[in-house]
Amino acid sequence: MKNNYVPQPMDTADVKLPEELDQLVEQMARNVHEVWAQSRIDQGWTYGPERSDALRQHPCLVAYDELPEVEKAYDRDTALGTLKLITKLGFKITKE
């Protein structure tokens with residue numbers, strides 16, 4: 001590893017989120033994908049059936065609903081990890 005970097009993410013294994021946040025996790029996951037896709041498109045990437053860095057093509061440049069489940073799970077994990085961190089840091093998530 002470059003510069004002996006060792007990742008040290010905060011442990012959120014003990015954080016249990018209420019079920020009412022399930023919908024929020026899915027909305028966040030969808031937005032995570034949208035932000036990623038917009039960034040790629042802004043960098044000149046387009047859809048391609050296989051990832052090609054040389055051609056700047058990626059098979060996940062599709063609507064969230066068209067993603068393979070494994071890709072949706074990755075985005076959900078990102079959203080879930082973010083919400084768990086927010087909670088671990090002492091913030092409360094409420095809906096008005």
Side-chain angles (χ1 to χ4, degrees):
M1 277 185 264
K2 188 176 184 177
N3 298 327
N4 298 320
Y5 167 66
V6 178
Q8 296 180 8
M10 188 175 287
D11 183 8
T12 59
D14 61 328
V15 177
K16 305 295 182 228
L17 297 175
E19 286 184 22
E20 58 261 19
L21 292 184
D22 290 350
Q23 184 180 5
L24 178 58
V25 169
E26 191 64 18
Q27 290 172 327
M28 288 178 65
R30 182 178 300 275
N31 196 63
V32 164
H33 174 69
E34 294 296 319
V35 169
W36 171 84
Q38 186 64 62
S39 175
R40 286 293 174 142
I41 291 168
D42 290 349
Q43 295 168 4
W45 287 69
T46 60
Y47 170 82
E50 294 181 10
R51 180 181 174 145
S52 170
D53 291 350
L55 297 175
R56 289 188 176 197
Q57 293 182 337
H58 202 292
C60 291
L61 281 174
V62 295
Y64 180 79
D65 292 334
E66 296 176 32
L67 287 174
E69 190 56 36
V70 67
E71 296 297 333
K72 289 181 185 178
Y74 180 85
D75 292 334
R76 285 184 196 114
D77 288 346
T78 299
L80 188 59
T82 300
L83 289 173
K84 284 184 167 191
L85 177 62
I86 290 167
T87 301
K88 179 89 174 193
L89 294 172
F91 292 90
K92 303 286 184 214
I93 301 167
T94 60
K95 182 176 181 180
E96 293 184 19

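- Enclosure of atom CD in Glu19 is not indicated, since only 12 or fewer non-hydrogen atoms of other residues, nucleotides or ligands lie within 6.0 angstrom.
- Separation of atoms OG1 (Thr87) and CG (Leu21) is listed at 7.0 Å; rounding is to 0.5 Å.
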Would you sort out whether Tyr74 and Thr78 count as a side-chain contact (heavy atoms from CB on, under 4.5 Å), showing the intermediate values?
CA-CA 6 Å; Tyr74 180 85; Thr78 299; 4.1 Å; yes

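- When every heavy atom of Lys72 is checked against every heavy atom of Asp65, the shortest pair comes out as NZ-O, 3.5 Å.
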Can you check side-chain contact (heavy atoms from CB on, under 4.5 Å) on Glu66 and Glu71, steps first, answer last?
CA-CA 10 Å; Glu66 296 176 32; Glu71 296 297 333; over 6 Å; no

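- Both Leu17 and Met10 belong to a single network of hydrophobic side chains, linked directly or stepwise wherever heavy atoms of I, L, V, M, F, W or Y lie under 4.5 Å apart.
- Under the 4.5 Å side-chain heavy-atom criterion for grouping Ile, Leu, Val, Met, Phe, Trp and Tyr, Val35 is not connected to Met28 through any hydrophobic cluster.
- Asp14 has a carboxylate O that lies under 4.0 Å from a charged side-chain N of Lys88, or vice versa, which qualifies the two as a salt bridge.
- In Gln43, the CD atom is crowded: over 12 heavy atoms of neighbouring residues, nucleotides or ligands sit closer than 6.0 Å.
- When hydrophobic clusters are built by joining Ile, Leu, Val, Met, Phe, Trp and Tyr residues whose side-chain heavy atoms come closer than 4.5 Å, directly or via intermediates, Val32 is not grouped with Leu24.
- For the residue pair Gln27/Asn31, the side-chain donor-acceptor check at 3.5 Å is not satisfied.
- The structure places CG of Asp22 at 10.5 Å from CZ of Arg76, a figure rounded to the nearest 0.5 Å.
- Note: His33 and Tyr64 have tilted aromatic rings, judged against thresholds of 30 and 60 degrees for the angle between ring planes.
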Test log, rule side-chain contact (heavy atoms from CB on, under 4.5 Å), inputs Leu61 and Trp36
CA-CA 9 Å; Leu61 281 174; Trp36 171 84; 3.8 Å; yes

Checking Asp53 against Trp45 for the side-chain contact (heavy atoms from CB on, under 4.5 Å) test, could you report, in this order, the C-alpha distance in whole Å, the side-chain angles of both residues, the deciding distance, and whether it holds?
CA-CA 9 Å; Asp53 291 350; Trp45 287 69; 3.2 Å; yes

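- For the pair Ala79 and Val25, the tightest heavy-atom approach, listed with the atom from each and the gap, is CB-O, 3.6 Å.
- A continuous path of ILVMFWY side-chain contacts below 4.5 Å connects Leu85 to Leu80, so both sit in one hydrophobic cluster.
- In terms of modelled atom types and a separation under 3.5 Å, the side chain of Asp11 and the main chain of Ala13 share a donor-acceptor contact.
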